[in-house]
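Proteins come first, then strands; the chains are lettered A, B, ... in the order of their sequence lines, and each starts at number 1. Because the structure is predicted, anything quoted here is derived from the model rather than measured. Computed from heavy atoms alone, side chains included, the values below leave out hydrogens, waters and symmetry copies.
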Amino acid sequence: MEHHPPITVTPKVKKILIWFFSICAILMLIDMFDLIGRWTGSHALEFKSHRHFAAEGWFGFYAVYGLVGCVLLVLAAKVLRIVVMREEGYYDR
Amino acid sequence: MIGSLHPALIFVLGGLLAMFLRGRARSVTMLAIPVVGLINLLALPLGQHMQLAFLDQTLTLLRVDKLSLLFGVLFHIGSFLGILYALHVKDTVQQVSAPVYVAGALGAVFAGDLLTLLLSWEVLAVSSVFLIWARREKDSFGIGLRYLIPQLGSGVLLMVGIALHVGGGGSIAFDKMQLGNLATLCIFLGFGIKCAFPGFHTWLVEGYPGSTVTGGVFLCGVTTKVAVYAMARGFAGTEALIAIGAVMAVFPIFYAVIENDLRKVLGYSMINQIGFMMVGIGIGSEMGINGAVAHAFNDVFFKGLLFMSMGAVMLRTGTMNASDLGGLSKSMPWTAGFCCVGAASISAFPLFCGFVSKSMIMVAAADAHYTLVWFLLLFAAAGVFHHAGIKIPFFAFWAHDQGLRVKEAPRNMLLAMGGATIMCVGIGCFPMFLYGNLPFPVDYHPYTAFHIVSQLQLLFFAALAFTTLQLTGIYPPELRSINLDIDWFFRRSARGIAAFVTGPATRARAAWNARSWDLWVHNPLKHPSVAAFIRRVQFRPLETSVFVVITLLFMFLAFGLIT
């Protein structure tokens, strides 16, 4: 199994990636508003006030959950592949 | 006349009419079916209608209330888009099966009693399998059969359950049931098979990708939605559904990551979405059921859109393998765009329909203090974006450009996809139209700063995971392969069982063909069948003696019964 990346990083792709990483960083930083709101008591800034679980209030909770969750998902899927992958004509033998 | 017909009747008549028409006449008629149907549907008065007496029970063929009306409208709009998508199809089998299939769905959704439900249930199974068999490839028959058997099995379970239920003094009316005895368990599992419960899900994962280009669009939007409706009607609040739904939401996403056939990925994705709906129904609160029903409504459009775009790709390229696709955004820009809309909707991106329904289920779970379930569903939501939101559009239209240059999808398909896009974006931006038609009053506002920001964070960072894993080469490559699922057990063992059952018959036949009467007369012990039996006694004495004893017992019983 070769592990070559299917996307060749052309300058155009690089530009898209830079935009993408920037948006990710900005989204992560938006959580700062909620924290500032909590410290200063400003209800307008504290957008996470109606959260159901305390964990949701942690800085970057959703971002980290999405990132870590998906990384674990892919790694676990790789393990699953070792167990269940077969050639295409498997059932026709 | 209009405003008093059973919705299913219009589809059945339309389908039969389509059988005798050709060309433009057929196209116009078929498009007219859901239009006429919808006009009729919206004019139907609420309540129980078309009741008839049958064996001292009252059947209700047409029960119109908020829940059934919503699903009725859903099937009309969905089938219009599906028919438009399939307008170019000349195959009469498909063009008749599709409306009859929808008729079955309408019959089920408007059924006021269990018997009408059962009849519609069977119509669903029998009509839909043709959309798989119509593909007419060498493995289509097997795929269709492996689809049909669980569907009919579901019907049998339903039949047994209804018989036990009514026989035990229960009412034949189709209303909320309490899961507690064998009768309700049978009905629950009957519904569950069509919902693709874990362990009973392989018919979906194998059947939907095995259907025709246009058949897949109908299949994805009908059977499972009818099953979700049935669960919502019959087993709302059943706690078992929460656990089942959570499992359904989580396990398919692992398969979806490593699956090569993109329509199979969509199949696994379906199970994931239905899992969310099961959780919502299982919680049973107003928010939960509203969320589940709203999500079922949206699912028809975004799943339909995804199946439509993949169908277009399959039509133009002849393949559905991620390993063989890529670079199609240049030749199929519209299809690519529509696919992205579907992908955004299924991932619950803000401004798309999934955003306004999936979160209702999560809020319901949190309100009912199902913490673990909430975290699992959040994981599943991130996972969905990964395989349906990113993988499908990316590997079909971008990724490694293999030099495939094809035509854009035919105009009718593009129009259908456009229609589904309007639904996805329309509901996403103006959810009040959907909310107003949900079974319970809605006290939920999806567009809060918290929801928008948290959802964008979840999705963008899930995308970040995908990007990073791809760039570092850790992401599993798309390879030509299949993955074994739970059907391995009965597909592999089926051969063994078949051999065991037909073995004696095969041997007897061989013996008959040998027909060595001389041997029988002169030296019976040398005759192949006798020799085989002696060998069997020698090497497998236990098996043989058990066989002999059981045979003798049966002969005894038979003798006893006869005398």
Side-chain angles (χ1 to χ4, degrees), chain A residues 1-9 13 16-17 20-21 23-28 30-31 33-34 44-53 55-56 60-93, chain B residues 139 142 253-258 260 326 362-363 365-367 371 374-375 378-379 381-383 385-387 394-395 398-400 448-450 453-485 488 491-492:
Chain A
M1 254 190 253
E2 325 119 70
H3 283 286
H4 62 84
I7 355 163
T8 33
V9 188
V13 170
I16 297 173
L17 283 174
F20 175 66
F21 289 133
I23 297 176
C24 286
I26 294 171
L27 279 172
M28 185 76 141
I30 290 183
D31 266 12
F33 286 103
D34 174 69
L45 283 178
E46 197 195 338
F47 62 88
K48 289 191 184 180
S49 51
H50 292 298
R51 62 183 175 279
H52 283 104
F53 302 102
E56 291 179 89
F61 168 74
Y62 280 93
V64 170
Y65 202 87
L67 182 71
V68 172
C70 284
V71 170
L72 291 179
L73 167 67
V74 171
L75 295 176
K78 286 186 85 163
V79 172
L80 179 67
R81 182 174 243 188
I82 296 170
V83 177
V84 299
M85 185 166 98
R86 297 289 185 280
E87 75 277 10
E88 276 185 324
Y90 176 79
Y91 283 113
D92 300 324
R93 284 199 271 116
Chain B
D139 49 356
I253 57 183
F254 296 97
Y255 272 101
V257 172
I258 56 175
N260 194 25
M362 307 223 17
V363 166
D367 283 341
T371 312
W374 187 90
F375 279 91
L378 191 65
F379 170 68
F385 182 52
H386 208 100
H387 72 252
F394 180 72
F395 285 108
W398 287 280
H400 32 22
T448 60
F450 183 24
V453 170
S454 54
Q455 190 70 3
L456 285 174
Q457 286 173 338
L458 187 79
L459 296 178
F460 265 87
F461 278 77
L464 182 65
F466 179 85
T467 313
T468 324
L469 291 167
Q470 279 286 343
L471 290 171
T472 54
I474 300 175
Y475 201 92
E478 299 303 311
L479 300 168
R480 282 184 165 222
S481 59
I482 63 159
N483 297 304
L484 302 180
D485 201 330
W488 176 83
R491 279 181 84 174
R492 263 281 168 263

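- Per-residue heavy-atom pair counts under 4.5 Å with chain A were compared for B:I253, B:T448, B:L458, B:N260, and the maximum is reached by B:L458.
- If you tally non-hydrogen atom pairs under 4.5 Å between each of A:L17, A:D31, A:V64, A:L72 and chain B, the highest count goes to A:D31.
- Per-residue counts of heavy-atom pairs under 4.5 Å with chain A were compared for B:D485, B:L378, B:V453; the largest is that of B:L378.
- Note: A:L80 leads A:L80, A:V83, A:V71 in heavy-atom pairs under 4.5 Å with chain B.
- With a 4.5 Å cut-off on non-hydrogen atoms, A:D34 does not touch chain B at all.
- You'll find the ring centres of B:F385 and B:F466 outside the 6.0 Å limit.
- The candidate with the highest count of non-hydrogen atom pairs below 4.5 Å against chain A, out of B:L459, B:D367, B:D139, is B:D367.
- The minimum heavy-atom distance between B:S481 and A:E88, with the atom names listed, is N-CG, 3.8 Å.
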Review point. Going through the checks in order, is the side-chain contact (heavy atoms from CB on, under 4.5 Å) test met by B:F461 and A:M28?
Key: CA-CA 9 Å; B:F461 278 77; A:M28 185 76 141; 4.0 Å; yes
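- In this structure, the portions of B:A463 lying under 4.5 Å from any heavy atom of chain A include both its backbone and its side chain.
- For the set B:S454, B:A366, B:A382, the entry with the most heavy-atom pairs within less than 4.5 Å of chain A is B:S454.
- Looking at every heavy atom in both residues, A:V74 comes nearest to B:P476 through CG1-CD, 3.5 Å.
- Side-chain N or O atoms of B:Y475 include none that pairs as donor or acceptor with a backbone N or O of B:A465 at under 3.5 Å.
- Taking the ring centroids of B:F379 and A:Y65, they lie at or beyond the 6.0 Å cut-off.
- Relative ring orientation between B:W374 and A:Y62 is described as perpendicular, the plane-to-plane angle rising above 60° on a 0-90° scale split at 30° and 60°.
- Of the atoms belonging to B:T371, heavy atoms from both backbone and side chain fall under 4.5 Å from chain A.
- In this structure, the portion of B:L469 lying under 4.5 Å from any heavy atom of chain A is its side chain and not its backbone.
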